Amino acid sequence: MREIRVRVHRDLPPTRFWSYGGSVPGPTLEMRRGEPALIEWANELPEQHFLPIDHSLCGADRSVPDVRTVVHVHGARVPPESDGHPDEWFTSGHSVTYRYPNEQEAATLWYHDHAMGLERLNHYAGMFGMFLVRDETEAALKLPSGPFELPLVICDRLFDETGQLVYPDSGVPEAPWVSEVYGDVMLVNGTLFPYLEVEPRSYRLRVVNACNARFLYLALANGQKFQQIGSDQGLLAAPVELQRLTLGPAERADLILDFSALAGSQVVLKSQAFELMQFRVKAGATSERTALPARLHPLPRMSENVARRTRLLTINEYQDLPVVGKPTCSPRPDGGAPRMLMLLNAARWREPVTEKVTLGDIEIWTFANLTEDSHPIHLHLVRFQLLDRQQFDVDDYLTRGVLTRIGKPVPPAPEEAGWKDTVRADPGLLTRIIVHFSGYPGRYVWHCHLLEHAANEMMRPFEILAPS
Ligand code: C2O
Ligand code: CU
C-alpha cells in the first residue's frame with residue numbers, strides 16, 4: 001500500500017491516490033478454486049491522511065493513529081484472522097500475511113480497505129482491486145477469456161481544478177462526516193472517460209460497483225441488450241437478458257456483451273447521465289460470437305423449511321445521538337447539534353454481539369428498513385439467497401412496535417436470484433435472505449456498504465460458534 005501519483009486523464013495533472021501495488025485499482029488477483037494463497041499486505045503509506053478524518057466517529061478518535069489500514073476480500077470465505085476485521089488495522093511500516101483458502105465457487109470478488117472509521121476515506125483514496133476465483137465449471141463454459149475478458153472497477157469521484165481528489169465535509173471541523181459521498185465523474189479502472197478498441201465479437205465484463213455510495217444503472221447508449229451470467233457469488237442458473245442493470249455499491253455483475261453487429265462503429269456504456277466508457281469496435285468480419293448455453297450452473301433454491309432460525313433486523317437512522325440511550329462511542333466533540341447516527345438493529349458497533357449463529361446452520365434474516373434510503377447490506381464469509389421483499393407499515397413499527405405486512409412478497413428478479421453476498425434493502429420493505437453459515441467459527445461483521453453509513457456504525461459484529 002503506497003501513495004502514488006497517476007493521471008486519470010491526459011488533460012489533467014497527476015492525481016494523488018493511495019494504492020495497492022502501485023495502481024488504482026490494485027492488481028487483479030486471479031485465484032484458482034482449491035489452491036490456497038498467502039498474501040502479505042504491507043502498509044507503506046504516509047503517516048498523515050490527505051482526506052478529512054472525523055475523529056468523532058467510532059474507532060477514529062485521537063487515541064489511534066491517523067493512518068490505519070486493514071484489507072478485506074469482499075465475498076471470500078476465509079478464516080476470521082484473515083478476513084480483515086475493522087478493528088484489526090495496522091499502521092505504516094507494518095504488514096500482515098493473510099491466508100485465502102479459495103475453497104469456493106468461481107466468482108467476481110474484490111478487495112478493499114476496511115479500517116474502522118477510515119474505510120470511507122481509504123477506499124475513496126483508491127484502495128480497492130479485483131479478486132477473481134476461477135474453477136472448472138466456469139472453464140467448461142468456454143466464456144470469452146484473455147483479452148476478451150475485461151475486469152471493470154467503476155467508481156465515482158470529485159476532483160478539484162488541479163486534478164486532486166476532493167472528499168466533501170460537513171463544514172463542522174470537529175465532525176466532518178457527511179452521510180453519503182457522490183462524485184460528479186466516473187472512473188473506470190482508474191481512468192476518466194476511457195475507451196477501448198474491441199473486436200466485433202462477444203466480450204465478458206466483470207463489473208464491480210466500487211462507489212462509496214452511488215447506485216449504478218448500467219446500460220448501453222444504443223439501447224442494445226446484454227446478458228448477465230453471474231452476480232456477486234458466481235454464475236447464475238441461466239443467462240438473463242437485460243437492457244439495464246441495477247448495481248448497488250459492492251455488488252458485482254458478470255456480463256456478456258456482443259459487439260458483432262457493431263463493426264466499424266462505437267458504443268458507450270453508461271449509468272444514467274454518466275458516460276462510463278466507450279467501446280470502439282473494429283471494422284471487419286465477426287471473429288467469434290459466444291453462443292451461451294441455456295443453463296450455466298445448477299443453482300437450487302434454498303427452501304425456507306430448512307432454516308433453523310429467523311431474525312428480524314432493523315435498519316435505523318437517528319437524528320439524535322443519545323436516542324437509543326446506550327453508551328456512545330464518542331459524543332460530538334464540539335458540543336454542537338447531535339448528528340445523525342445510522343445503526344443496524346438499533347445497536348452501536350461496540351455493543352456486545354447479538355447475532356450468534358452455529359456453524360453449519362441455515363437462518364433467515366429479515367431486514368426491516370425503517371429509513372428513507374436504500375442500503376446494500378453485506379455479510380462477510382457467507383453467500384446467501386434473496387427470498388423476497390415485501391412492503392410493511394413503517395409508522396406502525398416505529399410507533400407501536402407492530403410489524404404490519406402490506407401486499408404480497410415479491411420474489412427476486414432472475415438477476416438477483418443467484419448467490420449473493422450483498423443485497424439491496426429498499427426503504428419501507430422487508431428484505432428476506434436465507435443464509436447458510438458455513439465456513440469457520442469466529443467473529444465476522446455485517447454492514448451497510450454505503451461506506452459513509454458503515455463508518456457511522458451501520459455495521460455490527462456477528463459470531464459463528466463451533467457446534468457443540
Ligand atoms: Cu466490501 Cu465488509 O465489505
Ligand atoms: Cu446504509
Side-chain angles (χ1 to χ4, degrees), residues 20 25-26 57 59 69-78 80 82-89 98 107-120 122-124 127-131 153-155 177-182 207-215 231-233 247-252 313-318 340-347 349 355 367-384 420-429 431 442-462:
Y20 290 104
L57 289 175
T69 59
V70 64
V71 67
H72 167 62
V73 179
H74 182 123
R77 194 193 292 170
V78 299
S82 291
D83 191 50
H85 190 280
D87 286 330
E88 282 171 10
W89 44 262
Y98 281 174
T108 312
L109 311 184
W110 64 302
Y111 58 98
H112 60 77
D113 185 76
H114 219 310
M116 193 62 205
L118 274 191
E119 163 190 14
R120 65 192 181 113
N122 291 345
H123 186 275
Y124 195 83
M127 301 186 69
F128 50 80
M130 209 170 242
F131 187 105
V153 185
I154 302 172
C155 63
W177 176 86
V178 289
S179 62
E180 282 112 30
V181 169
Y182 298 106
V207 185
V208 178
N209 179 346
C211 297
N212 274 35
R214 187 183 290 283
F215 283 69
S231 59
D232 300 344
Q233 284 281 326
L247 216 52
E251 286 188 305
R252 285 90 69 207
L313 302 154
T314 55
I315 299 175
N316 334 90
E317 224 167 78
Y318 299 100
M340 197 188 260
L341 191 65
M342 317 185 92
L343 302 181
L344 294 171
N345 220 21
W349 166 244
E355 282 65 64
F367 305 118
N369 187 347
L370 304 172
T371 77
E372 283 168 9
D373 292 327
S374 253
H375 305 269
I377 303 294
H378 170 48
L379 276 66
H380 285 209
L381 180 73
V382 293
R383 62 180 190 175
F384 54 74
K420 300 278 295 164
D421 58 42
T422 307
V423 67
R424 295 191 291 282
D426 291 329
L429 297 188
T431 300
R443 193 162 296 186
Y444 296 89
V445 301
W446 65 288
H447 59 92
C448 172
H449 221 288
L450 302 187
L451 298 182
E452 286 72 30
H453 293 190
N456 199 356
E457 301 187 52
M458 200 172 258
M459 176 153 71
R460 285 285 293 157
F462 75 88

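None of these values were measured; they are calculated from a predicted model. All ligand and atom numbering here is 1-based and tracks the order in the structure.
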(message) Let's go through T314 and N316 carefully: what are the C-alpha distance in whole Å and the side-chain angles of both, what is the deciding distance for side-chain hydrogen bond (donor to acceptor under 3.5 Å, both in side chains) to 0.1 Å, and is it a yes or a no?
(response) CA-CA 6 Å; T314 55; N316 334 90; 3.0 Å; yes
(request) Apply the side chain to side chain donor-acceptor pair (under 3.5 Å) test between H449 and each candidate in R424, H74, H375, H378; give the one that qualifies. (result) H74
(request) Could you confirm whether H449 has any N/O/S atom lying under 2.8 Å from the Cu ion (ligand 2)? (result) no
(message) Please determine whether a side-chain nitrogen of the Lys or Arg among R383 and D232 lies less than 4.0 Å from a carboxylate oxygen of the Asp or Glu.
(response) no
(request) Identify, by name, the N, O or S atom of H453 lying closest to the Cu ion (ligand 2). (result) ND1
(request) Please list, in chain and residue-number order, the protein N/O/S atoms closer than 2.8 Å to atom 2 (Cu) of ligand 1. (result) H114 NE2, H380 NE2, H447 NE2
(request) Taking the side chain as every heavy atom from C-beta outward, state whether L450 and M458 have any pair of such atoms under 4.5 Å apart. (result) no
(request) Find the distance between CG (D113) and CH2 (W89) and round it off to the nearest 0.5 Å. (result) 12.5 Å
(request) List in chain and number order the residues that pass side chain to side chain donor-acceptor pair (under 3.5 Å) with S374, two or more places apart in sequence or in another chain; answer none if no residue qualifies. (result) D426
(message) For N/O/S atoms only: which one belongs to H375 and is nearest the Cu ion (ligand 2)?
(response) ND1
(message) Closer than 4.0 angstrom, basic N to acidic O: yes or no for E251 and K420?
(response) yes
